[in-house]
Amino acid sequence: MSQFAVLALLFAGEALAQGAAYSQCGGQGWSGATTCVSGYTCVKQNDYYSQCIPGTASTTAATTTRVASTTTSKATTTQTTSSAPASTTLSTSTTTRPVSTTLSTTTRASTTTSASATPSGGSGSGAWSSAYSKAKTALAKLSNADKIKIVTGVGWSKGPCVGNTGAVSSIGYPSLCLQDGPLGVRYVQGVTAFPAGVQAASTWDTGLIYSRGNALGAEAKGVGVHVQLGPVAGPLGKNAAGGRNWEGFAADPYLTGIAMAQTISGMQAAGVQACAKHYIGNEQEKNRETMSSSIDDRTVHELYLWPFADAVKANVASVMCSYNKLNGTYACEDDKALNGLLKSELNFQGYVMSDWNAQHSTNAAANSGLDMSMPGTDFNGQNVYYGQALLNSISSGAVPQSRLDDMVTRILASWYFVGQDSGYPSVTWSSWNGGTGAPSVSGTHSTVARQIARDGIVLLKNSNKALPLSKPASIALIGQDAIVNPSGANACKDRGCNTGTLAMGWGSGTADFPYLIAPADAIKKQASSDGTKVILSSTDDTTAAASAASQAATAIVFITADAGEEYIVVEGAAGDRLDLNPWHSGNALVTAVANANKNTIVVVHSVGPVILETILALPNVQAVVWAGIPGQESGNGLTDILYGSTSPSGKLPYTIAKSASDYGTSISSGDDNFSEGLYIDYRHFDKAGIAPRYEFGFGLSYTTFDYSGLTLSYTDKSAGSSTVAPGGISGLYDTVATVTAVVANNGTVTGAEVAQLYIGLPSSAPASPPKQLRGFQKVSVASGASATVTFNLRRKDLSFWDVGSQAWKVPSGTFNVYVGASSRDIRLTGSL
Ligand SMILES: OC[C@H]1O[C@@H](O[C@H]2[C@H](O)[C@@H](O)[C@H](O[C@H]3[C@H](O)[C@@H](O)[C@H](O)O[C@@H]3CO)O[C@@H]2CO)[C@H](O)[C@@H](O)[C@@H]1O
């Protein structure tokens with residue numbers, strides 16, 4: 001069977017490929033009907049969901065208890081290399097045997113997942129056991145009317161938070177407060193406006209990402225928010241112009257997955273429920289509520305589902321289904337996506353809520369796995385799909401009682417799971433009257449905000465040691481991005497304008513700034529202590545810019561590119577960017593400055609990639625500083641880098657191309673069939689042999705690093721557990737190989753380096769990207785010192801999703817291992 005045929009059958013549609021067969025092999029209840037096409041068997045997944053699985057009844061059913069038996073002796077061989085590039089290979093005996101052994105074991109274990117997944121009813125095993133036990137006890141005390149209150153929002157703007165559900169006093173359950181968002185508590189005064197997700201990702205610092213999540217969660221809890229609507233893994237960033245990419249992390253599932261897990265762990269440790277969103281295929285704003293994302297099964301698993309798997313493994317409490325359709329079915333009523341992938345294959349124990357007004361049905365949504373309707377009505381107070389409508393469906397049997405009970409159990413269990421059942425703060429503010437009246441919760445969080453604003457900065461170009469600045473006699477600061485919006489940092493609702501310095505995009509993923517340190521504010525302070533004269537031209541007018549630039553020893557020119565959510569249109573952009581050029585004629589502004597000043601430094605605040613060719617062609621542009629989307633501490637973080645108190649250590653979480661067309665993807669005007677498959681961002685550039693301007697993972701420092709001493713050890717000793725736990729088959733997350741290298745700072749100042757590991761799958765795997773990020777570690781190294789970086793490779797990191805067997809497989813053969821400073825700056829190579 002061709003891959004296309006398999007995909008059509010397994011993912012999009014059973015309905016399309018088999019006519020009515022899918023509905024008879026799914027939906028509520030187990031009929032035992034075997035209505036799949038030849039070679040497939042209808043297999044019960046849970047009480048509401050059955051699926052056509054490749055194979056015969058005997059082979060699929062038998063996998064439940066099958067555990068691979070293999071004899072694996074430990075194969076650990078390390079080899080130290082002293083100069084790059086190094087070629088390190090395991091000894092012949094270890095190279096050939098263990099990898100192929102792993103192949104068969106992993107296949108069997110994973111097949112178990114697909115063929116006999118844990119029921120979509122939350123099982124409450126492992127870490128969730130106590131929470132489920134409490135939830136079930138509480139459930140027994142509830143009437144159906146109570147249960148409906150728990151699963152249905154009270155309506156848009158009918159409670160203090162952007163989402164609210166009904167309280168049930170008999171079990172001490174409050175009106176749940178659901179509030180954005182991914183970079184701070186939306187609509188509440190006095191909270192921290194953290195750097196956006198994309199800035200956190202560009203630090204590549206797992207500790208900082210955790211700290212950000214923990215601080216976000218502490219503030220949300222402090223003001224009484226039960227569910228914080230973030231972090232974001234959808235969009236992943238397949239479209240460079242995607243409006244909400246900045247809310248998420250990186251155009252790579254591995255980095256995004258790590259960032260999701262760290263953020264969620266931090267948030268939930270602070271006591272708030274996290275919400276991984278927007279699930280799934282929500283890669284653009286244009287037509288987001290009508291378009292269909294048709295994504296093949298392998299691409300779903302290896303790109304778009306991957307970071308959600310990490311989120312589930314981190315025990316995320318909730319997931320928000322997205323506006324778009326998936327293979328023709330709305331994501332919030334997609335049985336395969338919700339019951340199948342999320343709840344069965346990934347063993348998600350929390351609950352699924354709809355994006356706001358993304359629900360389109362009662363029975364289909366409920367039976368497909370939607371647990372909570374948000375905000376409970378549409379934005380006009382109409383269209384209540386749960387509430388009385390769901391009660392009616394329970395009465396008629398269209399939705400089974402067990403499904404309602406499962407919804408409530410999942411929601412209550414999540415509440416218990418993060419310990420919200422005792423001493424939780426109450427909400428003392430309202431989203432709809434300015435958000436005043438909340439307790440002070442920001443504490444010392446400006447410190448982590450500044451660290452991320454700083455360490456997420458990527459130095460793209462630094463000719464003639466233009467940076468760091470060393471007490472210049474005079475400096476010109478040019479462009480409206482140098483100052484705060486003269487009307488106030490929060491003048492535009494949901495940050496729906498690009499006026500003044502750009503420190504967050506627009507839409508629901510915003511927070512009100514408690515203050516905003518603009519670049520000019522912080523630089524002026526530093527200049528004052530240095531005795532530097534400052535000339536400010538705070539507009540984008542080119543004549544004024546040239547005049548200011550001509551008067552200074554150094555000119556710093558600030559440019560932007562903004563994006564956001566589709567319900568606000570900014571300068572003609574309805575969410576997605578119109579192109580990848582700087583806004584406000586930024587190229588002309590930089591040209592005017594560079595023509596007037598030989599020492600021009602360009603600072604870019606941007607939601608994503610910008611085409612820099614015009615700017616880089618200007619000989620007087622000595623440095624380009626990619627300052628990202630930095631939040632309230634923007635100017636302070638930037639000044640730390642410009643003046644060298646900290647060496648830049650950020651690396652690009654996406655590729656900056658020479659031309660927009662080089663990306664091979666663009667915003668669709670209708671449905672999107674994701675024909676690029678696995679080849680987004682650097683995966684596409686590598687495969688197509690296109691030279692990027694600045695590659696994924698790129699970033700300069702004020703020092704330099706040498707790489708040496710590559711070691712590779714194969715540490716897997718077993719077949720890997722076939723137990724299904726949150727995140728999927730637990731064996732997929734076992735460390736099966738470890739790679740180390742030595743990073744030496746051979747420059748003159750202390751600096752931090754992000755060492756990156758990329759894997760090339762063996763030729764026995766189906767066609768795959770030449771390199772895929774599968775490890776990274778950031779280390780701070782003093783001048784003249786060195787540090788060892790360690791990459792632990794999980795079984796999943798060496799696997800591909802095999803559509804035919806519906807399993808993760810480790811292919812046999814030689815894995816290429818690349819360790820380096822970026823996806824194109826590979827310093828050490830080896831093989832497993
Ligand atoms: O905030 C919860 C989730 O909401 C989604 O975005 C919505 C956003 O929160 C909301 O403010 C906005 O409301 C506008 C509405 O769409 C429009 O019809 C009306 O005229 O004005 C309203 C506001 O000003 O709607 C957004 C959805 O369209 C996000 O997708 C999700 O990520 C949030 O967590």
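For ligands, and for the atoms within them, numbers begin at 1 and follow the listed sequence.
- Nearest non-hydrogen protein atom to atom 7 (C) of ligand 1 is E565 OE2, 3.8 Å.
- For atom 28 (O) of ligand 1, the closest heavy atom belonging to the protein is R288 NH2, 3.0 Å.
- The single protein non-hydrogen atom nearest to atom 14 (C) of ligand 1 is Y567 CD1, 4.0 Å, given as residue, atom name and distance.
- Looking only at protein heavy atoms, the nearest one to atom 24 (O) of ligand 1 is K493 NZ, 3.8 Å.
- Of the heavy atoms in R244, only side-chain atoms (C-beta onward) come closer than 4.0 Å to ligand 1.
- Annotation: cation-pi pair K325/Y330 present, NZ/CZ under 6.0 Å from the ring centroid and within 45° of its normal.
- Proximity of F348 to F308: side-chain heavy atoms (C-beta onward) are nowhere separated by under 4.5 Å.
- Of all the atoms in ligand 1, the ones that sit under 4.0 Å from a non-hydrogen atom of V162 are 1 (O), 2 (C).
- Atoms of ligand 1 found under 4.0 Å from any heavy atom of K277 (numbered from 1 in listed order, with element): 31 (C), 32 (O), 33 (C), 34 (O).
- Put simply, the side chain of D355 never gets that close to the backbone of A358: no donor and acceptor are under 3.5 Å apart.
- Heavy atoms of M374 found under 4.0 angstrom from ligand 1: none, in either backbone or side chain.
- Side-chain atoms of T329 never come within 3.5 Å of backbone atoms of D334 as a donor-acceptor pair (strictly under, hydrogens ignored).
- Among all non-hydrogen protein atoms, the one lying nearest atom 34 (O) of ligand 1 is D180 OD1, 2.5 Å.
- Contact check for V225 versus V185: side-chain heavy atoms found under the 4.5 Å cut-off.
- Under a 3.5 Å cut-off, the side chain of S322 and the backbone N or O of I280 do form a donor-acceptor pair.
- By the definition of a contact as any protein heavy atom under 4.0 Å away, atom 22 (C) of ligand 1 is not in contact.
- If you number the atoms of ligand 1 from 1 as listed, the ones under 4.0 Å from a heavy atom of L229 come out as 2 (C), 34 (O).
- Considering backbone and side-chain atoms together, Y187 places no N or O closer than 3.5 Å to any N or O of ligand 1.
- Residue contact check for ligand 1: E247 places no non-hydrogen atom closer than 4.0 Å to it.
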Evaluate the salt bridge (Lys or Arg N to Asp or Glu O under 4.0 Å) criterion for residues E566 and R244: first the C-alpha distance (whole Å), next the side-chain angles of each, then the deciding distance (0.1 Å), finally the verdict. CA-CA 9 Å; E566 58 92 48; R244 301 185 75 177; over 6 Å; no

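- Inter-residue side-chain proximity for S508 and D494 is flagged as unmet; no heavy-atom pair is nearer than 4.5 Å.
- In this structure, atom 10 (C) of ligand 1 lies nearest to the protein heavy atom W156 CH2, 3.6 Å.
- For H278, a nitrogen or oxygen atom sits less than 3.5 Å from a nitrogen or oxygen atom of ligand 1, counting backbone and side chain alike.
- In terms of protein heavy-atom proximity, atom 16 (O) of ligand 1 is nearest to F379 CE1, 3.7 Å.
- The structure places CG of N282 at 10.5 Å from CE of M320, a figure rounded to the nearest 0.5 Å.
- Atom 27 (C) of ligand 1 has its closest protein heavy atom at Y323 OH, 2.9 Å.
- The CD1 atom of I629 lies 11.0 Å from the CD atom of E247; values are rounded to the nearest 0.5 Å.
- With hydrogens and angles ignored, the 3.5 Å screen pairs a side-chain donor or acceptor of W506 with a backbone N or O of E565.
- In this structure, R186 has a heavy atom closer than 4.0 Å to ligand 1.
- Distance check on atom 5 (C) of ligand 1: some protein heavy atom falls below the 4.0 Å cut-off.
- Contact annotation: the side chain of M353 never approaches that of V319 to less than 4.5 Å [non-hydrogen atoms, C-beta and beyond].
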